[in-house]
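Please read all numbers here as calculations on a predicted model, not as lab measurements. Order of the sequence lines fixes the chain letters, A, B, ..., with proteins taken first and strands second; residue numbering starts at 1 for each chain. The analysis underlying the following values was restricted to heavy atoms, covering all of them including side chains, and did not include hydrogens, waters or symmetry mates.
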Amino acid sequence: MSAINFPRSALIWLMLAIASVYLPLQMHLPLWTGLVFVSVIAWRWMMHLGHWPYPNTVVKVVVVVFAIAAVVISAKGRFHLESATTFILVSSLLKVLEIKNQRDGYIVVFISMFLLAVSFLFEQGLFTAIYSVLAIWLLLAALVGLHQSEQLQNNFKRAGKISVQVLLLSLPIMLVLFLLFPRLGPLWSLNLQSGKAKTGLSENMSPGDIAELSNSDELVFRVKFEGEPPAPDQWYWRGLVLDFYDEINGKANWSMSGILNQVDWYPNSWLPDDGEGVFNYRIIQEASNKKWLFGLRGIAAMESGIGMTEDDRIVSNKKLLQRKEYAVRSVPKLAIAKQGLRPFMRQQNLQLPRGSVNPKTRSLAQQILLNFDSDVERMKHALSYYPDNDFSYTLKPEVMEGNDIDDFLFEKRSGFCAHYSSSFVFLMRSMNIPARVVAGYQGGELNPDSGHITVRQYDAHAWVEVWLEDQGWVSVDPTAQVAPERISLGLREALGGSDEFLSNNNFSLIKMSHLPWLNDLRFQLDQLNYYWHKTVLNFNKDKQGSLLKDWFGSGFLKKSLYALAAIFCSLFFFIALVVLWRKPNRTESDLVKTLRLFDKKISAVVEPRRENEGLADYSLRLQQCYPEYADSIRRLFDQLQYHYFSGVNSGANKKSREKNAEKTAEKNERLLAKNLMQLARRLGKS
Amino acid sequence: MTYPSTHSSKSIQVLLDVLNNVILGKEPQIKLALACLLARGHLLIEDLPGMGKTTLSHALAKALGLSYNRVQFTSDILPADILGVSIFEKDTSGDGGQHGTFRFHPGPIFSQLVLADEINRATPKAQSALLEAMEEGQVTIEGETRPLPSPFFVIATQNPISQSGTFPLPESQLDRFLMRISIGYPDAKSEMELLTGVDRRKLADGLQQVIALEELTALQQKVEDVHASSSVLEYIQRIIHYTRYEGGFSYGLSPRGGLGLLRASKAWALLHGREHLIPEDVQAVLPAVIDHRLADAAQQGEHGVSGQILQRIAVLT
């Protein structure tokens, strides 16, 4: 079969479908796959037009070898989600070059469907889902196109139309399956690591790291409060407590000491259910591949599978490979460790390396220590050091040299939260006041429509907790001393629309939030996505159970599953029966149906009429089988022939086109059918 | 319910009887040849020598009262031998001087029934001269177009064996013949009759004209008027479709082939006294009409292409 013979409309649909599957994947895969895509599509089209030949074996081998090499090189020898996806995408694209007949078309369509499912591993938002429906539509249209007979080959629109119909027909089935199909755990657990380093909080903080986060508007989590949320300046989402100070290459490096890694997995909710200052909220956190969860101060875990640590954090028992929704309760006002610190904790939170690193800072600390009586006073004075000395807030600080904290505090005097918190904890510890860095997110965007708060990567923040006698751990944010608008309004306002904000992300809607209508639109989209996440993506076993319980009462789930299985089995069985029973693709005329009935009646004696047997031949055969009825058989079949072939009924002349003639024709037809049946009965009896 | 009786037209029946009397036991072939004539097509007979090809054509010409010419094709035959030639003739009536005119001497093609014997012996040049005349119904010689007599019917014969030194007709030329038939050996009964009876050639010579020319033309006209219902047309369409896309032939039936099939079927229906087409008509003429048009006919086994088609394609849907 030549290239020309592959149905043109099917090929166009197929190309569109492949493009639609390929495009979202390209965002996550190396750029050279784009080159493969474009050249493959161009080549295939030129082949269709007959300008270029099919690739021969040598070309194919060379291309495949190069493709595999490219996949291996861009994977850097590691196996991860991207490299696997790249491999299958490239192979399916290359298969396009080989499309010669229907079967090749099937292969490409089915692999593309798989790839479409794969793209959900990268993104699951509402728009991805809507886009996938579009892609499925194109894929189905390509399938329909492959099945179109030659006469319809060039009917481009028909495939699209049928595909829409198929999609609409499958809609109720989809809904039923979504609601009723048992949510099984994954049959296998594949930890498909993404090869890309995700921006996000890491276990250690070296001033300089967090500036990079600010350039990503990736979603971290969404929060929805029951009732009124606290004031925005209290939105300190604690994630990590960094209490271990180290110097790596002479630079400050904060990490978790691990002394409080004991997790209480069975916390009784020790916080009051309700009352002043108690906040109940739910968080939907995106997959982070880490165990940390987020929440405000004074936190309590509210679900099994979530444990609490002594440094007022909550953690999950599993890494968050998927989005997770959890309930949290917080009392931010609560004093923590008011009674005193245990010796090892105190020691950990005072820990500084011996030696003479950052001497200027140490002497400043000595000065403050001597000048004031209480720790509270000393802390306040240390805090006021920043605004008093003209510090400024920037995301792109210069690189600190030598003793980095000295350099920051006395020379450069400009930096971001990591610098401020790092230097402040150093100061505190030098004064023998226990202090630690807390990393997490600060702020977030309140959606006025749905009331949820969206926290993105650029909200990443680091602040300080200081332990004071009689007060316990107190949160202090030295950054707020310098850039209060960073805390109250968020990073975007703090930078005042300067280039530093999302500097690598030119197309972010968030950057354009100064346009009011666009901002409204953004909020609405965000709200839609929030509900999508909440209702569809998080529709897990528990939610399914409770929903079905609400609808149908308890114990329904199991019964419904059995019923569902039974219904589906019988439905498919029935459809299969019908499909197998009848010959497909045949619309039978009434005449053929009547003849089939006729055949059935006399099947004991006469072989049924073969498909290729005309009425006259059949009549002769019948006459031979039933010599005694030969006359009536011949007469009836002559009538039949005359009626169906002579053209007296089909409008050969103008008169018979009239309605009356049509009616007589129909009447004659019925009469003939009746006579045929009568004859069959008579023949059957003899 | 009333409908016309289905007895054949009388003259056709008489014609068939007469021909059957000359060529014994070959009724289907005679009918096909007659149908081909009525459908205004040309006939190719492929058979061994001595099977009665010439007798059949001669008898046809006599019974129909057609002028008849026979051309024996050889490898050195020239187009002029078929079409005719202009010859300078001295004017002898006048002053006996050098005056004269070119006068056209029509070739054997200028007759109503032409038997082109062993057409594959001739060179392609001579073959094409005949085939062009068949197609156009006229010949152009020395810039002058001369119409051929009407009706114009060519029966060409081919010898399937001893092909050495022959120029087999290419597929494009074969397409110009509406039908290709072979006569085949007579059965035992006919053979006996043949052996005991008189010489068939003489019998053919002595035939009386059965049908007037006008009647023949009227019958040819009547073929066009045979009604083909949509279900029969669909059957023909399915056959054509099958030859093009499903049967695995190198190439399918041409539109001319399809139209030819319809025309031949109509003529067959008329031969049987019907003024409407039934699927059996199509089935009856199918082997003769399509077997020579489809290239892979030789590889299709004993049933031929048409056998395969007849078995596979449903008559009614």
J.: According to salt bridge (charged side-chain N to carboxylate O under 4.0 Å, His left out), does anything in residues 29-42 of chain B pair up with another residue at least two apart or in another chain? List the pairs.
T.: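 Non-adjacent pairs meeting salt bridge (charged side-chain N to carboxylate O under 4.0 Å, His left out): B:Glu27-B:Lys31.
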
J.: Got a sec: does the NZ of A:Lys161 have more than 12 other heavy atoms crowding it under 6.0 Å?
T.: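 It does not: A:Lys161 NZ has 12 such atoms or fewer within range.
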
J.: Less than 4.5 Å to any heavy atom of chain B: does that hold for the side chain of A:Arg610, its backbone, both, or neither?
T.: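 Neither part.
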
J.: Check for a donor-acceptor pair, side chain of A:Asn612 on one end and backbone N or O of B:Ala314 on the other, with a separation under 3.5 Å.
T.: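 Checked: no pair found.
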
J.: Closer than 3.5 angstrom, by distance alone: can the side chain of B:Glu280 be matched with the main-chain N or O of A:Glu613 as a donor-acceptor pair?
T.: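 Absent.
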
J.: How many angstroms lie between CD1 in B:Ile278 and CG in A:Asp617, if you round to the nearest 0.5 Å?
T.: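 Answer rounded to 0.5 Å: 8.0 Å.
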
J.: For A:Met46, I'd like to know if atom CE has over 12 heavy atoms of other residues, nucleotides or ligands within 6.0 Å.
T.: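 More than 12 within 6.0 Å, yes.
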
J.: Looking at the rings of A:Phe645 and B:His227, which for Trp means the six-membered one, are their centres under 6.0 Å apart?
T.: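 Here the rings of B:His227 and A:Phe645 have centres that are no less than 6.0 Å from each other.
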
J.: Taking atom CD as the centre, does B:Glu275 end up with more than 12 heavy-atom neighbours from other residues, nucleotides or ligands that are less than 6.0 angstrom away?
T.: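 No - once you tally the heavy atoms of other residues, nucleotides and ligands closer than 6.0 Å, there are 12 at most.
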
J.: If a pair satisfies salt bridge (charged side-chain N to carboxylate O under 4.0 Å, His left out) and one of its residues is in residues 226-239 of chain B, list it, with sequence neighbours excluded.
T.: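 Residue pairs with at least one partner in residues 226-239 of chain B: there are none.
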
